[in-house]
Amino acid sequence: MPELPEVETVRTGLAPIMEGAHIVAATINRPNLRFAFPARFCARLEGAGIIALRRRAKYLLIELSTQETLIAHLGMSGRFSILAPGGPLPDTNPKHDHVEWVLSNEHKIVYNDPRRFGFMDLAANNALAQNRFLADLGPEPLGNGFSGAWLREAFTGKAQSVKAALLDQRIVAGLGNIYVCEALYCAGIRPQTPASKISKERLEKLSNCVRKIIATAITAGGSTLRDFAATDGALGYFQHRFSVYGREGEACLNKECGETIVRLVQSGRSSFYCPKCQH
DNA sequence: AGGGGGACCTGTGCGC
DNA sequence: TGCGCACAGGTCCCCC
């Protein structure tokens, strides 16, 4: 489910409820998600004040008053819900509720994750950059470090396909399968193209497309979040129209094109592209 | 050392 | 209706 824009949507949904509150009680309903919870996980959270919610790539970062930061990744199917006192319950299956936090403002935060590909960690604030999940991440797509010039440097000598290279979190942090497909359509580049064989001009265009796609998706998530949260408190899902992702066999959206969107499998994952508009 | 493929999980939707 | 299979928005880790 979550790529960078979805995690950002979750962050903006949780922040007004969580920031400034304390964690009164923390519960885990199993010893692990994808990985084991860190030692004394609940004890280290209980009593902590929540200073700020941030995001790095697809990671949600919750800065605590204890000089530690909680690092959370939603994997493929992770969802956070806000339960207001007397409010509606989330539509997620409660048997996959793995983590629960009761806040000082009487709201409850529940983490639900059927596939358990998500994970959580705790790191000292002054060692956050060295955390094993965060240390090797590349630039944020909307940050200053990401540009056509950066892609050129990162792609030099890469025999890998541009699809695989853009999914590499060390090259650009936060893109997933959907937005890579969308960005490559925007840039008119086929996903199979070896990364090193793309011209400077096209890499400039590609970097602009990545920024545009991500920025647009964040805006869409932010605008529909309130409606969704109002009904059941679950954050992170939103309907977003994609140009190629999931559109195999449908018409290319470029009116003058007339071609049909194709799906191919690259290293076990689906890529969608227009064979006429992308080369 | 870079890169491909398997492993980790459950749920859903489809064809037979 | 039931069964088996393919597939799902991610990441780590092993092996070549």
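So that the names make sense, note that chain A is the first sequence line, chain B the second, and so on, each numbered from 1.
The nucleotide whose nearest atom lies closest to any side-chain atom of A/R115 is, among C/dT11, B/dT10, C/dG9, B/dT10. Distances from the side chain of A/F117 to the nucleotides C/dG9, B/dC8, C/dC12 place B/dC8 closest. When the nucleotides B/dG3, C/dC12, B/dG11 are ranked by their closest atom to the side chain of A/K95, B/dG11 comes out on top.
Nucleic acid contact class of A/A159 (heavy atoms, under 4.0 Å, all strands): sugar-phosphate only. If you check every strand for non-hydrogen atoms under 4.0 Å, A/R34 touches a base. Residue A/R263 is classed as a sugar-phosphate contact, given heavy-atom separations below 4.0 Å to backbone atoms only.
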Give the table of side-chain donor-acceptor pairs shorter than 3.5 Å for residues 190-198 of chain A, with sequence neighbours excluded, one pair per line with atom names and distance.
residue	atom	partner	partner atom	Å
A/R190	NE	A/Q278	O	2.8
A/R190	NH2	A/P275	O	2.7
A/Q192	NE2	A/Y273	OH	3.3
A/T193	OG1	A/R190	O	2.8
A/S196	OG	A/K158	O	3.1

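Helical stems involving DNA chain C, defined as 3 or more consecutive Watson-Crick or G-U pairs under 3.5 Å, span B:2-8 with C:10-16, B:10-16 with C:2-8.
Nearest-nucleotide assignment on DNA chain C puts the 5′-proximal partner with A/G176, out of A/G176 and A/R132. Closest-nucleotide positions on DNA chain C for A/S270 and A/H73 were compared, and the one nearer the 5' end corresponds to A/S270.
Side chains of A/N93 and A/N112: no donor on one and acceptor on the other come within 3.5 Å. Side-chain polar atoms of A/S270 and A/R263 form a donor-acceptor pair below 3.5 angstrom.
A salt bridge is defined here as a Lys NZ or Arg NE, NH1 or NH2 lying under 4.0 Å from an Asp or Glu carboxylate O, and A/K108 with A/E100 meets this definition.
Between the C1' atoms of C/dG9 and B/dG3, the separation comes to 23 Å (whole Å).
Every residue two or more places apart in sequence or in another chain was checked for a side-chain hydrogen bond (donor to acceptor under 3.5 Å, both in side chains) with A/Y59, and none qualifies.
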